[in-house]
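Keep in mind that this is a model prediction, so the values were computed, not measured. Every chain is numbered from 1, with letters handed out A, B, ... down the list of sequences.
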There are 2 protein chains.
Amino acid sequence: MDKRREATRTAIIEAAWEVVREQGLAALTLRAVAERVGMRAPSLYSHFDSKNAIYDAMFGEAWSTYEALPDATDVPVQPRAALRARARRYVDFAVADLARHQLMNLRLIHGFTPSAESYAPAVRVLDRLREFCVSIGLDPGADVDLYTALLAGLVDQQWANDPGGDRWTRQVDRAVEMFADAVGLPKESP
Amino acid sequence: MDKRREATRTAIIEAAWEVVREQGLAALTLRAVAERVGMRAPSLYSHFDSKNAIYDAMFGEAWSTYEALPDATDVPVQPRAALRARARRYVDFAVADLARHQLMNLRLIHGFTPSAESYAPAVRVLDRLREFCVSIGLDPGADVDLYTALLAGLVDQQWANDPGGDRWTRQVDRAVEMFADAVGLPKESP
DNA sequence: GTCTATAGTTTGATAGAC
DNA sequence: GTCTATCAAACTATAGAC
(Lines give C-alpha, C1' and ligand atoms only; values in the text may rest on other atoms or scores of the structure.)
Protein backbone atom coordinates (compact mmCIF):
# COMPACT_ATOMS: atom_id res chain seq x y z
CA MET A 1 0.00 0.00 0.00
CA ASP A 2 3.03 2.28 0.08
CA LYS A 3 2.84 2.82 -3.60
CA ARG A 4 3.41 6.55 -3.43
CA ARG A 5 6.24 6.10 -0.97
CA GLU A 6 7.91 3.53 -3.17
CA ALA A 7 7.56 5.84 -6.16
CA THR A 8 9.32 8.63 -4.29
CA ARG A 9 12.13 6.27 -3.32
CA THR A 10 12.54 5.22 -6.92
CA ALA A 11 12.56 8.85 -8.05
CA ILE A 12 15.31 9.65 -5.55
CA ILE A 13 17.47 6.77 -6.74
CA GLU A 14 16.93 7.71 -10.36
CA ALA A 15 17.94 11.29 -9.56
CA ALA A 16 21.01 9.99 -7.77
CA TRP A 17 22.02 8.03 -10.88
CA GLU A 18 21.72 11.18 -12.94
CA VAL A 19 23.93 13.08 -10.54
CA VAL A 20 26.71 10.50 -10.45
CA ARG A 21 26.60 10.07 -14.22
CA GLU A 22 27.12 13.80 -14.66
CA GLN A 23 29.35 14.69 -11.71
CA GLY A 24 31.14 11.45 -10.94
CA LEU A 25 30.40 8.75 -8.41
CA ALA A 26 32.12 10.42 -5.48
CA ALA A 27 30.51 13.80 -6.15
CA LEU A 28 27.05 12.70 -5.08
CA THR A 29 25.50 15.23 -2.70
CA LEU A 30 22.12 15.19 -1.04
CA ARG A 31 21.43 18.73 -2.21
CA ALA A 32 21.97 17.81 -5.84
CA VAL A 33 19.73 14.77 -5.55
CA ALA A 34 17.03 16.69 -3.72
CA GLU A 35 17.05 19.53 -6.22
CA ARG A 36 16.57 17.13 -9.10
CA VAL A 37 13.61 15.48 -7.44
CA GLY A 38 12.02 18.77 -6.41
CA MET A 39 12.78 18.53 -2.71
CA ARG A 40 15.04 19.99 -0.07
CA ALA A 41 17.98 17.97 1.12
CA PRO A 42 16.69 17.18 4.62
CA SER A 43 13.51 15.69 3.16
CA LEU A 44 15.53 12.82 1.75
CA TYR A 45 15.99 11.56 5.29
CA SER A 46 12.32 10.58 5.31
CA HIS A 47 13.24 7.94 2.72
CA PHE A 48 16.87 7.06 3.36
CA ASP A 49 18.74 6.91 6.64
CA SER A 50 21.92 8.39 5.22
CA LYS A 51 23.80 9.17 2.08
CA ASN A 52 25.42 5.75 2.17
CA ALA A 53 21.97 4.19 2.27
CA ILE A 54 21.41 5.79 -1.12
CA TYR A 55 24.67 4.36 -2.41
CA ASP A 56 23.59 1.02 -1.03
CA ALA A 57 20.28 1.06 -2.85
CA MET A 58 22.07 2.04 -6.05
CA PHE A 59 24.56 -0.79 -5.62
CA GLY A 60 21.80 -3.34 -5.19
CA GLU A 61 19.80 -1.96 -8.08
CA ALA A 62 22.78 -2.04 -10.43
CA TRP A 63 23.57 -5.67 -9.73
CA SER A 64 19.90 -6.61 -9.91
CA THR A 65 19.68 -4.94 -13.28
CA TYR A 66 22.67 -6.90 -14.51
CA GLU A 67 21.27 -10.10 -13.08
CA ALA A 68 18.01 -9.52 -14.90
CA LEU A 69 19.61 -9.05 -18.31
CA PRO A 70 18.21 -11.50 -20.85
CA ASP A 71 20.34 -14.61 -20.63
CA ALA A 72 22.29 -14.86 -23.82
CA THR A 73 23.05 -18.48 -23.12
CA ASP A 74 19.62 -19.95 -22.46
CA VAL A 75 19.78 -21.56 -25.87
CA PRO A 76 22.46 -24.23 -25.64
CA VAL A 77 25.38 -23.34 -27.84
CA GLN A 78 28.99 -24.24 -28.14
CA PRO A 79 31.15 -23.32 -25.15
CA ARG A 80 33.23 -20.73 -26.97
CA ALA A 81 30.24 -18.95 -28.43
CA ALA A 82 28.50 -18.95 -25.06
CA LEU A 83 31.56 -17.56 -23.32
CA ARG A 84 31.91 -14.92 -25.99
CA ALA A 85 28.30 -13.87 -25.61
CA ARG A 86 28.67 -13.65 -21.84
CA ALA A 87 31.82 -11.60 -22.15
CA ARG A 88 30.23 -9.14 -24.54
CA ARG A 89 27.22 -8.77 -22.30
CA TYR A 90 29.41 -8.01 -19.30
CA VAL A 91 31.72 -5.61 -21.10
CA ASP A 92 28.90 -3.76 -22.83
CA PHE A 93 27.19 -3.25 -19.51
CA ALA A 94 30.35 -2.06 -17.77
CA VAL A 95 31.29 0.30 -20.57
CA ALA A 96 27.87 1.89 -20.78
CA ASP A 97 28.07 3.74 -17.45
CA LEU A 98 31.29 4.62 -15.65
CA ALA A 99 29.79 5.58 -12.31
CA ARG A 100 27.73 2.40 -12.23
CA HIS A 101 30.75 0.31 -13.10
CA GLN A 102 32.82 1.95 -10.38
CA LEU A 103 30.10 1.48 -7.80
CA MET A 104 29.59 -2.17 -8.73
CA ASN A 105 33.19 -3.25 -9.10
CA LEU A 106 35.49 -0.90 -7.30
CA ARG A 107 35.64 0.30 -3.73
CA LEU A 108 36.05 3.98 -4.27
CA ILE A 109 33.51 5.44 -1.87
CA HIS A 110 35.32 5.92 1.41
CA GLY A 111 33.33 4.41 4.28
CA PHE A 112 30.74 2.67 2.16
CA THR A 113 30.34 -1.09 2.28
CA PRO A 114 27.34 -2.73 0.64
CA SER A 115 24.82 -4.32 2.96
CA ALA A 116 24.28 -8.06 2.78
CA GLU A 117 20.95 -7.49 1.09
CA SER A 118 22.39 -5.29 -1.64
CA TYR A 119 25.31 -7.62 -2.08
CA ALA A 120 23.13 -10.67 -2.68
CA PRO A 121 22.52 -10.17 -6.41
CA ALA A 122 26.24 -9.68 -6.97
CA VAL A 123 26.93 -12.97 -5.27
CA ARG A 124 24.29 -14.72 -7.35
CA VAL A 125 25.78 -13.37 -10.56
CA LEU A 126 29.22 -14.67 -9.70
CA ASP A 127 27.78 -18.02 -8.59
CA ARG A 128 26.04 -18.40 -11.91
CA LEU A 129 29.22 -17.59 -13.74
CA ARG A 130 31.01 -20.31 -11.81
CA GLU A 131 28.25 -22.80 -12.54
CA PHE A 132 28.43 -22.03 -16.21
CA CYS A 133 32.20 -22.32 -16.27
CA VAL A 134 32.07 -25.68 -14.52
CA SER A 135 29.45 -26.83 -17.03
CA ILE A 136 31.89 -26.30 -19.87
CA GLY A 137 34.71 -27.99 -18.01
CA LEU A 138 36.57 -25.08 -16.46
CA ASP A 139 38.00 -24.74 -13.00
CA PRO A 140 35.71 -22.57 -10.84
CA GLY A 141 38.73 -21.12 -9.05
CA ALA A 142 41.76 -20.16 -11.10
CA ASP A 143 40.06 -20.22 -14.49
CA VAL A 144 37.21 -17.99 -13.42
CA ASP A 145 39.64 -15.59 -11.75
CA LEU A 146 41.67 -15.32 -14.93
CA TYR A 147 38.51 -14.77 -16.97
CA THR A 148 37.20 -12.01 -14.71
CA ALA A 149 40.59 -10.33 -14.68
CA LEU A 150 40.70 -10.39 -18.46
CA LEU A 151 37.34 -8.67 -18.79
CA ALA A 152 38.01 -6.25 -15.95
CA GLY A 153 41.25 -5.24 -17.62
CA LEU A 154 39.60 -4.51 -20.94
CA VAL A 155 36.91 -2.46 -19.25
CA ASP A 156 39.26 -0.48 -17.02
CA GLN A 157 41.69 0.30 -19.80
CA GLN A 158 38.81 1.35 -22.00
CA TRP A 159 37.51 3.78 -19.40
CA ALA A 160 40.93 5.09 -18.38
CA ASN A 161 42.48 5.59 -21.79
CA ASP A 162 39.77 5.74 -24.43
CA PRO A 163 36.44 6.61 -22.82
CA GLY A 164 33.64 6.51 -25.32
CA GLY A 165 35.78 4.68 -27.86
CA ASP A 166 36.28 1.00 -28.58
CA ARG A 167 40.03 0.57 -28.60
CA TRP A 168 39.88 -2.16 -25.96
CA THR A 169 36.30 -3.37 -26.21
CA ARG A 170 36.80 -4.36 -29.82
CA GLN A 171 39.29 -6.94 -28.58
CA VAL A 172 36.76 -8.79 -26.44
CA ASP A 173 36.27 -11.62 -28.92
CA ARG A 174 39.98 -11.99 -29.41
CA ALA A 175 40.56 -12.04 -25.66
CA VAL A 176 37.94 -14.72 -25.15
CA GLU A 177 39.49 -16.87 -27.87
CA MET A 178 42.87 -16.46 -26.23
CA PHE A 179 41.40 -17.52 -22.91
CA ALA A 180 39.48 -20.43 -24.43
CA ASP A 181 42.64 -21.72 -26.04
CA ALA A 182 44.51 -21.45 -22.75
CA VAL A 183 41.94 -23.46 -20.80
CA GLY A 184 41.61 -26.05 -23.54
CA LEU A 185 38.08 -25.46 -24.73
CA PRO A 186 37.37 -27.40 -27.91
CA LYS A 187 37.60 -25.45 -31.14
CA GLU A 188 34.32 -24.44 -32.65
CA SER A 189 32.76 -26.76 -35.19
CA PRO A 190 31.05 -25.00 -38.08
CA MET B 1 71.44 26.63 -4.93
CA ASP B 2 67.91 26.04 -3.70
CA LYS B 3 68.95 22.97 -1.86
CA ARG B 4 66.94 23.73 1.25
CA ARG B 5 63.93 24.68 -0.79
CA GLU B 6 64.13 21.49 -2.76
CA ALA B 7 64.43 19.47 0.44
CA THR B 8 61.25 21.04 1.78
CA ARG B 9 59.44 20.27 -1.45
CA THR B 10 60.56 16.67 -1.23
CA ALA B 11 59.45 16.45 2.38
CA ILE B 12 56.01 17.75 1.46
CA ILE B 13 55.61 15.20 -1.30
CA GLU B 14 56.78 12.42 0.95
CA ALA B 15 54.26 13.49 3.59
CA ALA B 16 51.56 13.56 0.94
CA TRP B 17 52.38 9.97 0.00
CA GLU B 18 52.02 8.94 3.62
CA VAL B 19 48.63 10.60 3.84
CA VAL B 20 47.20 8.99 0.72
CA ARG B 21 48.60 5.59 1.69
CA GLU B 22 46.82 5.80 5.03
CA GLN B 23 43.65 7.72 4.16
CA GLY B 24 43.13 6.96 0.49
CA LEU B 25 44.09 8.93 -2.60
CA ALA B 26 41.05 11.19 -2.62
CA ALA B 27 41.33 11.98 1.10
CA LEU B 28 44.43 14.11 0.72
CA THR B 29 44.07 17.42 2.57
CA LEU B 30 46.54 20.26 2.86
CA ARG B 31 46.13 20.31 6.62
CA ALA B 32 47.07 16.65 6.96
CA VAL B 33 50.13 17.11 4.78
CA ALA B 34 51.22 20.22 6.63
CA GLU B 35 50.85 18.62 10.01
CA ARG B 36 53.06 15.72 9.01
CA VAL B 37 55.78 18.00 7.79
CA GLY B 38 55.58 20.27 10.84
CA MET B 39 53.95 23.21 9.14
CA ARG B 40 50.63 24.98 8.88
CA ALA B 41 48.49 24.46 5.84
CA PRO B 42 48.93 27.94 4.28
CA SER B 43 52.70 27.53 4.32
CA LEU B 44 52.42 24.86 1.67
CA TYR B 45 51.47 27.57 -0.80
CA SER B 46 55.04 28.80 -0.67
CA HIS B 47 56.02 25.56 -2.39
CA PHE B 48 52.99 24.49 -4.41
CA ASP B 49 50.43 26.61 -6.20
CA SER B 50 47.52 24.40 -5.29
CA LYS B 51 46.51 21.02 -4.01
CA ASN B 52 46.41 19.69 -7.56
CA ALA B 53 50.00 20.82 -8.00
CA ILE B 54 50.88 18.37 -5.24
CA TYR B 55 48.99 15.59 -7.00
CA ASP B 56 50.83 16.54 -10.15
CA ALA B 57 54.24 16.26 -8.53
CA MET B 58 53.25 12.92 -7.06
CA PHE B 59 52.08 11.66 -10.44
CA GLY B 60 55.36 12.60 -12.07
CA GLU B 61 57.41 11.13 -9.25
CA ALA B 62 55.54 7.83 -9.35
CA TRP B 63 56.09 7.32 -13.05
CA SER B 64 59.71 8.44 -12.78
CA THR B 65 60.24 5.90 -10.05
CA TYR B 66 58.78 3.19 -12.21
CA GLU B 67 60.83 4.31 -15.17
CA ALA B 68 63.99 4.11 -13.07
CA LEU B 69 63.42 0.55 -11.93
CA PRO B 70 66.35 -1.70 -12.81
CA ASP B 71 65.67 -3.05 -16.26
CA ALA B 72 64.99 -6.74 -15.94
CA THR B 73 65.55 -7.20 -19.65
CA ASP B 74 68.90 -5.54 -20.22
CA VAL B 75 70.42 -8.99 -20.52
CA PRO B 76 69.05 -10.44 -23.72
CA VAL B 77 66.80 -13.39 -23.00
CA GLN B 78 64.12 -15.31 -24.76
CA PRO B 79 61.01 -13.30 -25.59
CA ARG B 80 58.70 -15.17 -23.26
CA ALA B 81 61.04 -14.90 -20.31
CA ALA B 82 61.56 -11.21 -20.97
CA LEU B 83 57.84 -10.57 -21.22
CA ARG B 84 57.28 -12.51 -18.03
CA ALA B 85 59.90 -10.51 -16.17
CA ARG B 86 58.38 -7.25 -17.39
CA ALA B 87 54.92 -8.33 -16.37
CA ARG B 88 56.04 -9.30 -12.89
CA ARG B 89 57.85 -6.02 -12.46
CA TYR B 90 54.79 -4.05 -13.46
CA VAL B 91 52.34 -6.04 -11.36
CA ASP B 92 54.58 -6.06 -8.29
CA PHE B 93 54.89 -2.29 -8.51
CA ALA B 94 51.17 -1.76 -8.96
CA VAL B 95 50.24 -4.10 -6.14
CA ALA B 96 52.66 -2.56 -3.67
CA ASP B 97 50.76 0.71 -3.24
CA LEU B 98 47.09 1.21 -4.01
CA ALA B 99 47.02 5.00 -3.89
CA ARG B 100 50.04 5.21 -6.17
CA HIS B 101 48.50 2.75 -8.60
CA GLN B 102 45.24 4.69 -8.67
CA LEU B 103 47.02 7.99 -9.23
CA MET B 104 49.19 6.55 -12.01
CA ASN B 105 46.63 4.51 -13.87
CA LEU B 106 43.14 5.67 -13.06
CA ARG B 107 41.46 9.04 -13.29
CA LEU B 108 39.83 9.20 -9.95
CA ILE B 109 40.73 12.68 -8.76
CA HIS B 110 37.98 14.94 -10.05
CA GLY B 111 39.43 17.95 -11.79
CA PHE B 112 43.02 16.79 -11.84
CA THR B 113 44.82 16.24 -15.12
CA PRO B 114 48.56 15.67 -15.15
CA SER B 115 50.68 18.41 -16.66
CA ALA B 116 52.70 17.65 -19.77
CA GLU B 117 55.87 17.63 -17.71
CA SER B 118 54.56 15.10 -15.21
CA TYR B 119 53.09 13.02 -17.98
CA ALA B 120 56.37 12.71 -19.85
CA PRO B 121 57.81 9.74 -17.90
CA ALA B 122 54.54 7.85 -18.34
CA VAL B 123 54.77 8.36 -22.08
CA ARG B 124 58.36 7.20 -22.15
CA VAL B 125 57.49 4.03 -20.24
CA LEU B 126 54.77 3.13 -22.71
CA ASP B 127 57.01 3.97 -25.66
CA ARG B 128 59.66 1.62 -24.35
CA LEU B 129 57.10 -1.11 -23.90
CA ARG B 130 56.05 -0.69 -27.52
CA GLU B 131 59.66 -0.79 -28.69
CA PHE B 132 60.26 -3.97 -26.79
CA CYS B 133 57.11 -5.59 -28.11
CA VAL B 134 58.05 -4.71 -31.67
CA SER B 135 61.51 -6.17 -31.07
CA ILE B 136 60.02 -9.55 -30.31
CA GLY B 137 57.68 -9.38 -33.28
CA LEU B 138 54.48 -8.10 -31.77
CA ASP B 139 52.09 -5.50 -33.07
CA PRO B 140 52.60 -2.20 -31.23
CA GLY B 141 48.88 -1.47 -31.41
CA ALA B 142 46.44 -4.27 -30.71
CA ASP B 143 48.92 -6.64 -29.11
CA VAL B 144 50.22 -4.07 -26.66
CA ASP B 145 46.68 -3.02 -25.80
CA LEU B 146 45.71 -6.60 -25.03
CA TYR B 147 48.83 -7.05 -22.94
CA THR B 148 48.25 -3.92 -20.87
CA ALA B 149 44.61 -4.87 -20.36
CA LEU B 150 45.63 -8.29 -19.14
CA LEU B 151 47.99 -6.88 -16.52
CA ALA B 152 45.63 -4.09 -15.54
CA GLY B 153 42.89 -6.64 -14.99
CA LEU B 154 45.00 -8.80 -12.71
CA VAL B 155 46.04 -5.77 -10.68
CA ASP B 156 42.57 -4.28 -10.38
CA GLN B 157 40.96 -7.56 -9.43
CA GLN B 158 43.71 -8.16 -6.89
CA TRP B 159 43.11 -4.80 -5.25
CA ALA B 160 39.34 -4.97 -5.42
CA ASN B 161 38.77 -8.51 -4.23
CA ASP B 162 41.85 -9.76 -2.40
CA PRO B 163 43.93 -6.81 -1.22
CA GLY B 164 47.15 -7.95 0.37
CA GLY B 165 46.74 -11.46 -1.00
CA ASP B 166 47.96 -13.11 -4.19
CA ARG B 167 44.85 -14.70 -5.66
CA TRP B 168 45.30 -12.88 -8.97
CA THR B 169 48.97 -11.94 -8.92
CA ARG B 170 49.97 -15.59 -8.72
CA GLN B 171 48.44 -16.02 -12.17
CA VAL B 172 50.76 -13.51 -13.82
CA ASP B 173 53.03 -16.15 -15.34
CA ARG B 174 50.08 -18.14 -16.59
CA ALA B 175 48.50 -15.02 -18.07
CA VAL B 176 51.69 -14.12 -19.89
CA GLU B 177 51.97 -17.62 -21.33
CA MET B 178 48.40 -17.40 -22.50
CA PHE B 179 49.12 -14.09 -24.18
CA ALA B 180 52.40 -15.33 -25.67
CA ASP B 181 50.61 -18.30 -27.20
CA ALA B 182 47.92 -16.04 -28.64
CA VAL B 183 50.40 -13.73 -30.36
CA GLY B 184 52.49 -16.61 -31.62
CA LEU B 185 55.69 -16.14 -29.66
CA PRO B 186 58.00 -19.13 -30.08
CA LYS B 187 57.95 -21.68 -27.30
CA GLU B 188 60.85 -21.50 -24.92
CA SER B 189 63.86 -23.67 -25.65
CA PRO B 190 65.44 -25.20 -22.55
C1' DG C 1 6.41 14.14 4.71
C1' DT C 2 8.23 18.26 3.76
C1' DC C 3 9.71 22.40 5.17
C1' DT C 4 13.03 26.19 7.46
C1' DA C 5 16.72 26.89 10.30
C1' DT C 6 20.85 25.65 11.84
C1' DA C 7 24.36 22.98 14.13
C1' DG C 8 28.82 21.26 13.41
C1' DT C 9 32.52 20.02 10.34
C1' DT C 10 35.74 20.37 6.95
C1' DT C 11 37.85 22.19 3.08
C1' DG C 12 41.03 25.12 -0.29
C1' DA C 13 42.71 29.33 -0.49
C1' DT C 14 44.02 34.39 0.69
C1' DA C 15 45.68 38.62 3.54
C1' DG C 16 48.92 40.47 6.04
C1' DA C 17 52.09 40.53 10.25
C1' DC C 18 56.66 39.03 11.37
C1' DG D 1 58.91 31.41 4.36
C1' DT D 2 56.14 30.70 7.94
C1' DC D 3 52.85 32.17 10.81
C1' DT D 4 47.83 33.63 12.63
C1' DA D 5 43.49 34.83 11.31
C1' DT D 6 39.95 34.28 8.44
C1' DC D 7 37.05 33.84 4.36
C1' DA D 8 33.75 31.61 1.58
C1' DA D 9 31.97 27.62 0.43
C1' DA D 10 30.59 23.26 0.68
C1' DC D 11 28.81 19.15 3.17
C1' DT D 12 25.85 15.63 6.30
C1' DA D 13 22.71 15.52 9.56
C1' DT D 14 19.28 16.99 13.23
C1' DA D 15 15.40 19.79 15.52
C1' DG D 16 11.12 21.28 15.34
C1' DA D 17 7.19 23.92 13.00
C1' DC D 18 3.50 22.97 9.85
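- Counting to the nearest Å, the P atom of C:dA7 and the CG atom of A:L30 are 20 Å from each other.
- Using a 4.0 Å cut-off between a side-chain N of Lys or Arg and a carboxylate O of Asp or Glu, B:K51 and B:D56 do not qualify as a salt bridge.
- Residue B:K51 places its side chain closer to C:dG12 than to any other of C:dC3, C:dT2, C:dG12.
- Remark: B:R89 is positioned above the aromatic ring of B:Y66, its terminal NZ or CZ atom under 6.0 angstrom from the ring centre and at most 45 degrees off the axis.
- Side-chain to base pairing of B:R31 with C:dG12: one donor and one acceptor N or O lie within less than 3.5 Å of each other.
- Residue A:P42 places its side chain closer to C:dT4 than to any other of C:dT4, C:dG12, D:dT4.
- Using a cutoff of 4.0 Å between basic side-chain nitrogens and carboxylate oxygens, B:D139 and B:R130 are not scored as salt-bridged.
- A:Y55 and A:F112 have tilted rings, their planes meeting at an angle from 30° to 60° on a 0 to 90° scale.
- Across D:dT12, C:dT2, C:dG12, the shortest atom-to-atom separation from the side chain of B:T29 is found for C:dG12.
- Between the OH atom of B:Y45 and the P atom of C:dG16 there is a distance of 17 Å, rounded to whole Å.
- Closest to the side chain of A:S46, out of C:dG1, C:dA15, D:dA13, is C:dG1.
- As a whole-Å value, the separation of B:R9 CZ from D:dT2 P is 13 Å.
- Not a single donor-acceptor pair under 3.5 Å links the side chain of A:S64 to the backbone N or O of A:E61.
- Of the charged side-chain nitrogens involved, none lies within less than 4.0 Å of a carboxylate oxygen, so that B:D92 and B:R88 do not count as a salt-bridged pair.
- Of the side-chain N and O atoms in B:S43, none sit less than 4.0 angstrom from OP1 or OP2 of D:dG1.
- Residues A:A27 and A:D49 both approach DNA chain D. Their nearest nucleotides, taken by heavy-atom distance, put A:A27 toward the 5′ side.
- Side-chain N or O atoms of B:E67 include none that pairs as donor or acceptor with a backbone N or O of B:V125 at under 3.5 Å.
- We find that CZ of A:R5 is positioned 9 Å from C1' of C:dG1, with the value rounded to whole Å.
- Closest to the B:R40 side chain, of the nucleotides D:dT4, D:dT14, D:dG1, is D:dT4.
- Taking atom CD1 of A:I109 as the reference point, atom P of D:dT12 lies 12 Å away to the nearest angstrom.
- Cation-pi geometry between A:R100 and A:F93 is met: under 6.0 angstrom from the ring centre, within 45 degrees of the axis.
- Overall bending of the helix from C:dG1-D:dC18 to C:dC18-D:dG1, expressed as the angle between end axes built from five pairs apiece, is 10° (10° steps).
- Within 4.0 Å (heavy atoms only), B:L28 reaches sugar-phosphate atoms of the nucleic acid but no base atom.
- The distance between atom CZ of B:F48 and atom C1' of D:dT2, rounded to the nearest whole Å, is 16 Å.
- In this entry the distance linking CD of A:Q23 with P of D:dA10 reads 12 Å, nearest Å.
- Nearest nucleotide to the A:H47 side chain, out of C:dT2, C:dA13, D:dT12: C:dT2.
- Following rounding to the nearest Å, B:L44 (CG) and D:dC3 (P) show an atom-to-atom distance of 9 Å.
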